[in-house]
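In the text below, chain A, chain B and the rest are named by the order of the sequence lines, each starting its count at 1. Atoms considered below: every heavy atom in the structure, side chains included; atoms not considered: hydrogens, waters and symmetry mates. Everything numeric in this text was worked out from a predicted model, so none of it was measured.
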Amino acid sequence: MRIKTISRSVDEFTRERSQDLQRVFHNFDPSLRPMEKAVEYQRALTAAKLEKIFARPFVGAMDGHRDGISCMAKNPNYLKGIFSASMDGDIRLWDIATRRTVCQFPGHQGAVRGLTVSTDGNVLVSCGIDSTVRLWNVPRPSLEDSDLSSEKSAEPSAVYVCKNALLAVDHQFEGELFATAGAQIDIWNHNRSQPVHSFKPGNDSVISVRFNPGEPDILAVSSNDRRMIIYDIRMSSAAREIRMQTKTNSIAWNPMEPMNFTGANEDGNCYSFDGRKNEEAKCVHKDHVSAVMDIDFSPTGREFVTGSYDRSVRIFPYNGGHSREIYHTKRMQRVFCVKYSSDATYVISGSDDTNLRLWKAKASEQLGVILPREQKKHEYNEAVKNRYKHLPEIKRIVRHRHLPKPIYKAIAESRAVNNAKKRKDDRRKASSAPGTIVTKPLRTRRIINEREVE
Amino acid sequence: MGGLKRKSSSSAKSVAKSKKKKKGPHLPNSILKVIADQKRPLNSDEEEEEDEIDSDDEHGGDLYEYEEGVPEEESRKNNRYDRHDNYDYELPDDFEDENVESEDDDFDGGNSENDDDDDDDRHTRMLQSLTGMPSAAFQGESKSKPVLFTEAYPEGEFNPTRDVLEGKNVLTEEDFLAPLEGKPGYHKTSKQIARMRKDTKHVVHAPLPKPQRERLERKAVIGLVDGEFSKWVHLVKKNREAPTVYFNQEVDLGYSTVGAIASEFQPRTEFEKKMASLLNDSEVSEAHRDDGARLLELNEVSMEDHIKKRDHIAKIRNLLFRHEAKSKRIKKIKSKTYHRLKNKDLKKSSLGALMDPEMAKEEAMRQEAKRVEERLTLKHRNTGKWAKRMVRLGLNAKYDATRAAIAEQLQMNANLSRKMHSMGDGSSSDESDDEEGLNDGSDEDTPSRLIAKAKEKTLKTMEDDEVPNAGLMSLPFMARAMKKKNEEANEEAKRALEEYEEWENSGGENSKKPVSVSGRRVFGATAKVEAPKESKKDSDNFYDNSDSDNDMAGVEDNDMEDVRDNASPARNTGTITETEKFDDAAGNQASKTTFDVAMFASGSWKKMTSCKNTESKKESKKTRAPISQSQDKKGSRDEESEDSESEAEEMVDGVLASASKETFEIPSQAELINRAFAGDDVLDEFEKDKEEVLNQEVPKPEKPVLLPGWGDWSNVQRKRGISKRMVMEHEAEEKERKQKLKTRKDARLKHVIISEKVDKRAEKLHTTTLPFPHTSKEAFEHSMRMPIGPEFNPSTVVSELNRPEVVKKTGVIIKPVKFEEVNPNDEVDDEHPRNHQKQRSKKKTGKRQGKVKSK
């Protein structure tokens, strides 16, 4: 009789260090583990529930302003710094980690409407309805300062005066130029007191301007006459324009896809466009029940955050029609500005109640140092949840959100209205000759583009 | 009023005209004539000699919105002009009138070779390329369009014509040259002009009209911007298709080393400054750099310091040694009680150590007060109602918890009521007792003396141990604990002595007692009776001697254990003997049966067996074992088994036996089957089953009934009967049910049950629609096939299977995308098989399976 012995080499089973993991042999024969689907489904369910349990998105509020926050700017070079400006002309630099004001920038009379920081993080540009553009030197963050409780205040390094009130400002990415918007669009150089270039898109004022992060010479503006216009600052005229039924309050370029941008519209939707096509939106992001006031892309380009007049902040996937997340608190009023932090982990909102609020971008994310095994566990949970996300129970749990009553009611109401409209349309269509009534797709419905006269 | 002006009629003109013929109102010729007449005098002075009036074929293009062609016949009628031949020309059908304005700027009459040209644009372009001049330049001579003069005054230096103002019909070189013709120098000049015209390089074009210019510009910008955007397409596509995007690659964490952090350190506090001054001392650093001899010098320590240090170390070491020795000794002590008490003391002393001596004194006083109270009230002596009752009813013996509660109270009483200073007395009396016992033992034989000696020694050591005057140990509870410790040791010694004595005594008796197999368990039924008595005695003792110094808890615990130990073997032996009796009677049977038998032993034996038989008969087909059992039973009790039923069974056996023995006819298969399944009606059963299933899945509607309550007592309701509405509802429900039954899949299949019940639990595991990226159920299910968990996959692939779509790191700034050339033919790097994963993210398609049951 032959006897089979198990032979194992000592080397294979000896750990080099005592911290090394013991080698474990595992039989992956599926017939030995017949319940894998059931097991994973159950895990997905648990993961979904855990996610709900740990969803604590609100990190903290930063108060100090004496009037509603009108605009914010993040320091592209320094994670902890965020600038905010309020309607009374107050500009502050906050330290997000301690949630305290680090520095103040007094000088503006009247509301500050635009803030931006140069890419190297050294120059802060602000503009307001007092028709001035002010340039400030940003104080360098240092280790010693972090524990000082006293706030510093800074003097503007330059003040440029314009003829009209200014409503927005944005800095070129990795360049020397910045653009202000008001009655017209002015392109400025840091060192010159006169704009180097001007565009006048129309008779209405321009309300927002954003430089393309990938293509530094291209900028998009939106104006009060409901248009969004793309300019190349090397050329004297506009490239493309899109006219919609309602005005666009703010524009954000996708930092990872330079041709795409999204506009926050007054009708409560956001519209994503390809800069090469002005006939239709690539995606319509619906969920807000009131005008969307501000929008900012996550630096990963996969999500963007919006702040709305309906007192909520939402996070949308860049290609999804509905929001992934809604943030609200009882005390948060109309949200006028939102920013996604440069590491795509936090979201900051500034609202009418004079507070800045810091949120986690992923509500149930575990902050702090995560051990590798913890990390693996989180990843597995996420993957398994993602895998079974279509199953009704998991879908229900993942989608469930508690909404403030006014928003809940408004959603129900708008749903009823839309249903009624659709029903009516359907009936009209059914009772008229085929082809006579054409329903425009949602992506083009709100766009009015005059035909270019050739 | 103005008039119509006609400069020259060229072929192009004719083209336009023929076009015009097609549209516009047709004015009566007479009116046209009038207009032409009026116009003529005005224009005559400025017309060139070749100008001719053609009032018939031309009329106010500006006067009317559109112009009207002149019918051919009309023009023929007064065909005074040869050129009218040209009117025969017809436009091609596909000609598009795209630039009406071009009529204004036509070519000059000089280029008469172009008469047959049919395309204005082409002609203009050709002209332009030839002359290098904008088309407007040719308008002067070629102007064929009538212009309406609206000026009230004749034109002049201060009142230029509209043509002049519009830049049309301006003077050209020819105008100036014409008068010079034939004069000397004309040839030269004309040559020069011709050369100039050919020289296209130096021609400056007139700017285009603004809207047109803007349109062109916008086109250019759009092209430029689109081009800029389009160059990103590949990069974006690659990013989007990548299973995972990484944003944690270029991590700049700032300071990379401790040294880098330290280099920026600035001393701020005084201590830090002191340290810094020492560290940065040039002398020290120099000494370091040198051979180190200087370092020794700097490191000089004074003798005093050295001695001080040495003494200190010696002291500490000594203390440490003592502490170690003490703890070793304590650790050696095996008594559980000692350790328990020690721990308790430790807890207390940790409290007490925190307190100052005054507090300790206070604590001691409080303890004393409690003790006094206890002695006064005897609260815990089990003299309370509850305790008395428990004891009277014997509940304390029955329930462990009660017993424990009573014991606890007694313990508390003992603790509290013990005199503080009587402790010494008690222990001394114990000692004397022990010594007496020892003496007794020592008288008997040498081993006991040995033990006594050992005990003496232990007692001595115990006494030595006691340091009652030392701070902590002088506390009353500490003292008590020490006492207890002593007692414990005494007790143990005593027990050992007793054991020894027992052993000595039993030395002779061992042979007499055969029962003892394992220690105390060996008590017989007699011992069982004794045990409770003993315990009772003991408890009585407690009550009586509650003031005594015995450690009651210990004693009681032992006793209780004894009781328990005694009781259980007694019980066991009791039952065993009983069952054995039955065993004898019933022979060797399974234990289960014997217990049954035991239960019914007192009752009617026969009855029980009959019951058993009927039962076993019912189950006979399925269960073989019970039958054999009952048969065995019967066999063992032949005399008693005279019941008719058991007889009947035997009969069956007999018949079967005889059949197999006597007739060897092999019955047919069918017969065999019939016989084998003689009892059960399968069809009926199935029908019943099916009906049950149907009733369950399509429940029968409830029959309407009269409800007790209103109107019930008056007979009114009963007279009226059930209301029509209810009956109708019932009927409708019945109908509905029938309909449902009809539409079932198994409605026509007589021998099949197809369950249409939807399993709600299973429902949760299905999706109603196919998830988005998948086009077919198969593809989707395939994607879901492999699990992704660590239990089902080797660890090398698990992290890849579970990798999220975006990998980022908190605190790392993500920069916008940078342009890089991407080879569109490159495939997306597949090192991370997450894209399978991505596609895989789906569920099962909703398919509901019907259960098929057939018979």
Requested in this report: Classify the ring geometry between A/Tyr388 and A/Tyr41 as parallel (under 30°), tilted (30 to 60°) or perpendicular (over 60°).
Outcome: perpendicular

**Report entry** Residue selection (most heavy-atom pairs with chain B, distance under 4.5 Å) from A/Pro255, A/Ala238, A/Ala239
**Finding:** A/Ala239

Query - Contact winner vs chain B - A/Asn381, A/Leu79, A/Asp274, heavy-atom pairs under 4.5 Å - result: A/Leu79

Query raised in the report: Tell me, side chain or backbone of A/Phe297 under 4.5 Å from chain B's heavy atoms, or both, or neither?
Result: neither

Requested in this report: Below 4.5 Å from any heavy atom of chain B, which atoms of A/Asn254 appear? Answer side chain, backbone, both or neither.
Outcome: neither

Query - Ring centre gap for B/His774 and B/Phe772 strictly below 6.0 Å - result: no

Query raised in the report: Can B/Glu791 and A/Arg43 be counted as an ion pair, charged N to O under 4.0 angstrom?
Result: yes

Query raised in the report: When you check the gap from the basic side-chain N to the acidic O, do B/Arg213 and B/Glu217 get nearer than 4.0 Å?
Result: no

Query - Among A/Glu393, A/Arg33, A/Glu215, A/Met235, residue most engaged with chain B (heavy-atom pairs, under 4.5 Å) - result: A/Glu215

Report summary line: The interface call for B/Lys764 against chain A, heavy-atom contacts under 4.5 Å, is both

Report summary line: The interface call for A/Asn260 against chain B, heavy-atom contacts under 4.5 Å, is side chain

**Report entry** Residue pairs fulfilling ring pair (Phe, Tyr, Trp, His ring centres under 6.0 Å) with at least one residue in residues 793-822 of chain B, sequence neighbours excluded
**Finding:** B/Trp232-B/Phe819

**Report entry** Option in B/Ser799, B/Gly811, B/Ala220 with maximal non-hydrogen atom pairs under 4.5 Å from chain A
**Finding:** B/Gly811

Query - A/Asp296 and A/Arg210 ion-paired at < 4.0 Å - result: yes

**Report entry** Between A/Asp343, A/Ile230, A/Asn319, the one whose heavy-atom pairs under 4.5 Å with chain B are most numerous
**Finding:** A/Asp343

Query raised in the report: Quick one: what part of A/Ile218 sits under 4.5 Å from any heavy atom of chain B, side chain, backbone, both or neither?
Result: side chain

**Report entry** Under-4.0 Å salt bridge between A/Glu241 and A/Arg227
**Finding:** yes

Report task. Check each atom of A/Glu382 against the heavy atoms of chain B and say whether the ones under 4.5 Å are side chain, backbone, both or neither. Result -> neither

Requested in this report: Below 4.5 Å from any heavy atom of chain B, which atoms of A/Ser236 appear? Answer side chain, backbone, both or neither.
Outcome: both

Query raised in the report: Between A/Gln375 and chain B, which part of the residue has a heavy atom less than 4.5 Å away: side chain, backbone, both or neither?
Result: neither

Query raised in the report: Most heavy-atom pairs under 4.5 angstrom with chain B, which of A/Tyr231, A/Tyr318, A/Trp253?
Result: A/Tyr318

**Report entry** Under 4.5 Å from any heavy atom of chain B - which part of A/Tyr340
**Finding:** neither

Report task. Taking all heavy atoms of A/Glu36 and all of B/Arg785, pick out the closest pair and write down the distance. Result -> OE2-O, 4.3 Å

Query raised in the report: In terms of heavy-atom proximity below 4.5 Å to chain A, should B/Val798 be classed as side chain, backbone, both, or neither?
Result: neither

Report task. Over all heavy atoms of both residues, which pair between A/Tyr346 and A/Val59 is shortest? Give the atoms and the distance, please. Result -> CE2-CG2, 4.2 Å

Query raised in the report: Which bit of B/Pro211 comes within less than 4.5 Å of chain A, counting heavy atoms only: side chain, backbone, both or neither?
Result: neither

Query raised in the report: Quick one: of A/Ser341, A/Pro258, A/Pro392, who has the most non-hydrogen atom pairs under 4.5 Å with chain B?
Result: A/Pro258

**Report entry** CZ (B/Phe271) with more than 12 external heavy atoms under 6.0 Å
**Finding:** no

Query raised in the report: Where on A/Pro30 is there a heavy atom nearer than 4.5 Å to chain B: the side chain, the backbone, both, or neither?
Result: neither

Report summary line: Honestly, the part of B/Leu224 sitting under 4.5 Å from a heavy atom of chain A is side chain

Requested in this report: Measure centre to centre between the rings of A/Phe173 and A/His171, then say whether the value is under 6.0 Å.
Outcome: no

Query raised in the report: Are B/Glu241 and B/Lys238 close enough for a salt bridge, meaning some N to O gap below 4.0 Å?
Result: no

**Report entry** Whether A/His197 and A/Phe199 hold their rings parallel, tilted or perpendicular, with breakpoints at 30° and 60°
**Finding:** tilted

Query raised in the report: Relative to chain B, which segment of A/Ala344 carries a heavy atom at a distance below 4.5 Å: side chain, backbone, both, or neither?
Result: both

